[in-house]
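Just so you know, these numbers use all the heavy atoms, side chains as well, and skip hydrogens, waters and symmetry mates.
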Amino acid sequence: AGATEGSVPLTAVDNKSDGPTETVVVDIASVTHATESGSQQVRGSIEDDDLPPTVTLSVGSARIHEDAAFGETTTVVAAILSNPSRFETIVTLATDGTATHTMDYTLSDTAMTITIPPGSLKGSLILSAEGDGLDEGDEETVVVYINSIMTNKGPGDDASTPQTVSIIDNDDPPRATLMVESNSMSETDGTSPVTATLSAISSLEITVILTTGGTAVDGEDYLLDGETIIIPPGESAGVLSLSILNDSLNEIDETVIMTLECGDGSNCTVGLPLSQIVTIKDDDPFPTPTVTLSVGSGSISEAEGSTPV
């Protein structure tokens, strides 16, 4: 009583959430023992001083499979804010690793962008393994990391560590089979390709080993220009050359037996046919014999009796 004015404190509350500058409007709701002079109203601004939240990255499962028969084929990739924001937060991801995007895996947003709405703490994408029919070893990896963060106040703070997801391969190694251009060659036919063919292409290098046998002699009757066939990743076949050596000997037909093997670390299994027999046809004529005569002594006496002819 007796005073001409009074006041109440107006205190801003730190909400730990970045946002725009806000306005406070104070009106007189009612007056006791006095009357309001006109329409009284005051305005004030609350300047936000909170920094944009930091962003961390997480994955639901660190191991997924190409085939659902063996386990989960998808995992969640989540971007998580340190505290809510009253602005939209856009997180753009990038990937690395041994797996290939769109071939070995896909993301549910082709732009690899996670949009976190105002007031939310996280957003997510789905990473899905793709069955490609390629033997790729035990597993391939996808390394997911944050490429950029955009907030209403500019670039955000990346507090994450890259996340690694392993894709477990379910494809069997391809089967290797052996083929030759011809199973019968003459001594003058020259060379013929010997081809190892895969039942499916592989992302791994294939090493096929050849062993030889038969009645023909390596280095005398034929030459094979190697003992292994290397098939590069993505290729379906590899070739060696079988060269037939010509001689002037009349001899029986001979054989070269070539057999395919897939040993440890070859990244293949043996299919059928696994061997080929090449018959070398002899083209040398039988020799024409000549006959000559000789005597032991050109002169003998009646007493000596005889000499060999």
Side-chain angles (χ1 to χ4, degrees), residues 61-75 95-107 127-144 164-185 191-214 218 222-243 255-279:
S61 175
R63 291 170 65 87
I64 57 177
H65 296 262
E66 285 187 345
D67 191 332
F70 296 89
E72 293 295 327
T73 60
T74 63
T75 189
T95 58
D96 202 349
T98 60
T100 302
H101 184 220
T102 71
M103 181 179 292
D104 299 312
Y105 67 93
T106 58
L107 289 163
L127 189 153
S128 303
E130 295 292 316
D132 53 17
L134 295 178
D135 180 40
E136 298 160 310
D138 293 334
E139 63 183 44
E140 292 194 300
T141 58
V142 184
V143 180
V144 185
T164 300
V165 177
S166 296
I167 301 175
I168 310 304
D169 182 60
N170 65 288
D171 297 300
D172 294 327
R175 297 183 304 278
T177 56
L178 193 65
M179 299 297 293
V180 294
E181 189 173 67
S182 175
N183 291 100
S184 179
M185 299 179 67
T191 63
S192 174
V194 179
T195 306
T197 303
L198 301 179
S199 59
I201 62 173
S202 173
S203 67
L204 305 175
E205 183 178 85
I206 306 296
T207 302
V208 175
I209 302 171
L210 289 186
T211 59
T212 57
D218 185 12
Y222 69 93
L223 288 175
L224 195 61
D225 67 346
E227 297 179 346
T228 59
I229 298 175
I230 303 298
I231 304 176
E235 299 292 330
S236 61
V239 181
L240 290 180
S241 290
L242 174 67
S243 299
T255 58
V256 183
I257 302 174
M258 294 168 288
T259 303
L260 174 152
E261 295 180 1
C262 289
D264 293 339
S266 63
N267 300 317
C268 64
T269 58
V270 174
L272 294 176
L274 62 87
S275 64
Q276 292 289 337
I277 300 175
V278 175
T279 300

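Legend: residues meeting salt bridge (Lys or Arg N to Asp or Glu O under 4.0 Å) with Arg175, ordered by chain and number and at least two apart, are absent. Partners of Ala237 according to the side chain to side chain contact (heavy atoms under 4.5 Å, CB included) rule, which considers only residues two or more places apart in sequence or in another chain, are Thr195, Thr197. Among residues two or more places apart in sequence or in another chain, the side chain to side chain donor-acceptor pair (under 3.5 Å) test is passed with Thr95 by Tyr105.
Within the structure, the side chain to side chain donor-acceptor pair (under 3.5 Å) test picks out no pair touching residues 200-209 (sequence neighbours left out). Every pair passing side chain to side chain donor-acceptor pair (under 3.5 Å) that includes a residue from residues 263-278 is listed here, sequence neighbours excluded: Asn183-Gln276.
The shortest heavy-atom contact between Val270 and Cys262 is CG2-N, 3.7 Å. Pairing each heavy atom of Leu242 with each of Met258, the nearest pair is CD2-CE, 4.2 Å. The minimum heavy-atom distance linking Leu240 with Gly226 is given by the pair CD1-O, 3.4 Å.
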Step by step, work out the side chain to side chain contact (heavy atoms under 4.5 Å, CB included) result for Leu274 and Thr259. CA-CA 6 Å; Leu274 62 87; Thr259 303; 3.5 Å; yes

Could you walk me through whether Thr255 and Val278 pass the side chain to side chain contact (heavy atoms under 4.5 Å, CB included) check? CA-CA 6 Å; Thr255 58; Val278 175; over 6 Å; no

Report the C-alpha distance between Thr106 and Glu130 in whole Å, list the side-chain angles of each, state the deciding distance to 0.1 Å, and finish with yes or no for side chain to side chain contact (heavy atoms under 4.5 Å, CB included). CA-CA 7 Å; Thr106 58; Glu130 295 292 316; 3.3 Å; yes

Going through the distances and angles, do Val180 and Leu178 end up as a side chain to side chain contact (heavy atoms under 4.5 Å, CB included)? CA-CA 7 Å; Val180 294; Leu178 193 65; 5.5 Å; no

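No more than 12 heavy-atom neighbours from other residues, nucleotides or ligands sit within 6.0 angstrom of CD1 on Ile277.
Taken to the nearest 0.5 Å, the CE atom of Met185 stands 6.5 Å off from the OG1 atom of Thr191. For the atom pair Leu127 CG and Ile64 CD1, the distance stands at 5.0 Å (nearest 0.5 Å). Atom CG of residue Leu224 and atom OG1 of residue Thr212 lie 7.0 Å apart, to the nearest 0.5 angstrom. Between the SG atom in Cys268 and the CD1 atom in Ile229 there is a gap of 10.0 Å [rounded to 0.5 Å]. In this structure, Leu260 CG and Ile209 CD1 are separated by 9.0 Å, a value rounded to the nearest 0.5 Å. The CD atom of Glu140 sits 10.5 Å away from the CD1 atom of Ile168 when rounded to the nearest 0.5 Å.
Looking only at side-chain heavy atoms (C-beta outward), Glu66 and Ile167 come within less than 4.5 Å of each other. For the pair Ile231 and Leu198, the minimum side-chain heavy-atom distance is below 4.5 Å.
Although no hydrogens or angles enter the test, the distance criterion places no donor-acceptor pair under 3.5 Å between the side chain of Asp96 and the main chain of Val143. For the pair Thr98 (side chain) and Thr141 (backbone), a donor-acceptor distance under 3.5 Å is present.
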With a 3.5 Å cut-off and sequence neighbours excluded, list the donor-acceptor pairs that the side chains of residues 67-75 form with protein atoms.
{"unit_1": "Asp67", "atom_1": "OD1", "unit_2": "Ala69", "atom_2": "N", "d": "2.9"}
{"unit_1": "Thr75", "atom_1": "OG1", "unit_2": "Gly60", "atom_2": "N", "d": "3.4"}
{"unit_1": "Thr75", "atom_1": "OG1", "unit_2": "Ser61", "atom_2": "N", "d": "2.7"}
{"unit_1": "Thr75", "atom_1": "OG1", "unit_2": "Ser61", "atom_2": "O", "d": "2.9"}

